[in-house]
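Here the structure comes first, spelled out in structure tokens, and everything after it is commentary.
Side chains are part of it too, since the values below use all heavy atoms of this structure and drop only hydrogens, waters and symmetry mates. Along the sequence shown, residues are numbered consecutively beginning with 1.
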Amino acid sequence: MKNKPFAISIIAFFIPIMLFFSSTNAQTARVQIIHNSADAAAQTIDIYVDGQMYEDNFQFRTATEYRTVPAGREMNVQIAPGNSSGPSEAIASFPFTLEMDQTYVVVASGIISDQGYTPAPAFTLQVFTGARETARLSNFTDVLVYHGVTDAPLIDIVEVGFGAGTVVEDAAYSQFAGYFELPTIDYVLEVRDQGNTTLASVNAPLATLGLENQAIVVITSGFLMPENNSNGASFGLFVALPTGGELVALPASDPTSILKITEDNITVFPNPATGVLTINFSDLKVNEINLIDITGKNILTIIPKLEASIDLKDLPPGTYFVKITTDQSTMVQKVNVIK
């Protein structure tokens, strides 16, 4: 009995150490959840993980920040109406087993209601493995695209601001299109159906929004035909930031303000290029031209007059970007340098 206080003190000494090593050796993953179910019945939801509240009163078109969660074992994710009293009120349940040291984006989408929506794919959680919290390259923005509009057909997303062309092709509802590593400038995007009809035209102002060196998720959201879907939210494109919060709406573009790199205003030739690259601009005041490599490093800056030439002979072959800045906008042309 005389040794009892000593034994207690030893246990008290070792418990914090054991807890420390247990926590540092625990298997974990990183997760961001985005609420994109446009069903009015899911306007606000509660999320429980293994019976414990994970996100309270989670609003449509909002996202959590990236969080560290357990990995290597099955978890039960339960979705309940907002202001629920507990997981017993759950309307949907999803088992997940996450891999250690992986990063995930999870998007809630689909329809809960029994009527009022056409079509009405079931409410679900769509998971993307290999998510990013920051861009891989300096001065770039990494963009993951998710098609989350239940009544939209297969879509293409086409960049028309500087003529980059189709960036997402034949995306179906609930599909992710893998990451695009883009120079951080302001873009103009058109969402088109398979008949090449433009469903939406929006500005994607990566530079204006200060998204340099970040990784984001761009989501199609709402309904193409709200009148067939309980007058729900209208179709649009939104950005989920890695810090979470309300999704950022991409504003509708004014087609008359789009400046394209075309023969009418700017030509960059030849492409593929070898020897000398020529940039000609007839009716625009160009303030600066930058040559940027695939890592985002600025190779050369030119303050031009009526035309500019770039000597390529000392550059290794590969992909480069010509960034052209005017008073009205910034445009980028991808150029392949060959030998």
Side-chain angles (χ1 to χ4, degrees), residues 34 36 38 61 107 109 140-209 211 215-229 232-241 247-268 271 284 321-326 328-335:
I34 302 169
N36 191 52
R61 288 179 177 167
V107 181
S109 58
F140 276 59
T141 303
D142 292 1
V143 181
L144 175 67
V145 178
Y146 176 78
H147 181 0
V149 176
T150 55
D151 67 339
L154 292 177
I155 61 169
D156 298 335
I157 298 180
V158 183
E159 202 291 316
V160 298
F162 65 87
T166 302
V167 293
V168 175
E169 187 172 15
D170 295 342
Y173 164 69
S174 79
Q175 286 186 344
F176 290 94
Y179 276 98
F180 301 92
E181 297 174 353
L182 303 175
T184 305
I185 61 172
D186 292 349
Y187 296 90
V188 180
L189 304 177
E190 288 186 356
V191 181
R192 301 175 183 173
D193 64 17
Q194 299 305 288
N196 210 34
T197 299
T198 299
L199 306 176
S201 181
V202 299
N203 292 312
L206 304 185
T208 301
L209 292 173
L211 297 178
I216 62 174
V217 184
V218 173
I219 292 182
T220 62
S221 179
F223 300 106
L224 275 179
M225 301 183 68
E227 63 274 18
N228 293 341
N229 292 279
S234 297
F235 179 92
L237 270 71
F238 292 78
V239 172
L241 302 174
L247 304 190
V248 179
L250 295 181
S253 68
D254 176 5
T256 62
S257 69
I258 298 173
L259 285 173
K260 301 179 182 179
I261 294 183
T262 68
E263 293 181 357
D264 295 332
N265 47 40
I266 296 179
T267 54
V268 179
N271 191 12
L284 290 176
F321 299 92
V322 176
K323 179 180 176 182
I324 301 167
T325 304
T326 73
Q328 290 78 33
S329 70
T330 300
M331 297 166 280
V332 171
Q333 175 70 57
K334 183 169 70 174
V335 174

Rounded to the nearest 0.5 Å, how far apart are [atom1] of [X] and [atom2] of [Y]?
X	Y	atom1	atom2	answer
N229	D151	CG	CG	5.0 Å
I185	F140	CD1	CZ	9.5 Å
I219	L144	CD1	CG	8.5 Å
L224	F235	CG	CZ	5.5 Å

Any side-chain heavy atom of [X] sitting closer than 4.5 Å to one from [Y]?
X	Y	result
S174	T150	no
V268	I324	yes
H147	L154	no
F223	N228	no
P183	K323	no
D170	D156	yes

Taking G148's backbone N and O only, do any of them form a donor-acceptor pair with T220's side chain (distance below 3.5 Å, no angle check)?
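Judged by distance alone, yes, a pair lies under 3.5 Å.
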Would the distance check show the side chain of D193 and the main-chain N or O of G195 forming a donor-acceptor pair, the cut-off being under 3.5 Å?
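Side chain of D193 to backbone of G195: a pair is present.
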Before you tell me yes or no, could you show the steps for L206 and I216 under side-chain contact (heavy atoms from CB on, under 4.5 Å), namely the whole-Å CA-CA distance, both residues' side-chain angles and the distance that decides it to 0.1 Å?
CA-CA 10 Å; L206 304 185; I216 62 174; 4.1 Å; yes
Report the residues that fulfil salt bridge (Lys or Arg N to Asp or Glu O under 4.0 Å) with R192, sequence neighbours left out, ordered by chain and then residue number.
E190
Using the test salt bridge (Lys or Arg N to Asp or Glu O under 4.0 Å), find all partners of D142 that sit at least two apart in sequence or belong to another chain.
R132
Heavy-atom closest pair, residues A233 and P226:
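That would be O-CG, 4.3 Å.
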For the residue pair G222 and A38, what are the closest heavy atoms and their distance?
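Residues G222 and A38, closest heavy atoms: CA-CB, 4.2 Å.
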Check the pair V143 / V239 against side-chain contact (heavy atoms from CB on, under 4.5 Å), numbers first and verdict last.
CA-CA 9 Å; V143 181; V239 172; over 6 Å; no
Candidate list V107, V218, I34, test side-chain contact (heavy atoms from CB on, under 4.5 Å), partner Y146, passing option:
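With Y146 as partner, side-chain contact (heavy atoms from CB on, under 4.5 Å) holds for just one option, V107.
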Among V168, T141, I157, find the one that has a side-chain contact (heavy atoms from CB on, under 4.5 Å) with F180.
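When side-chain contact (heavy atoms from CB on, under 4.5 Å) is applied between F180 and each of V168, T141, I157, only V168 qualifies.
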Classify the side-chain pair T208/D186 by whether it contains a donor and acceptor separated by less than 3.5 Å.
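Per modelled atom types, T208 and D186 side chains form a pair under 3.5 Å.
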Cut-off 3.5 Å, side chains only: do S109 and N36 have a donor facing an acceptor?
no
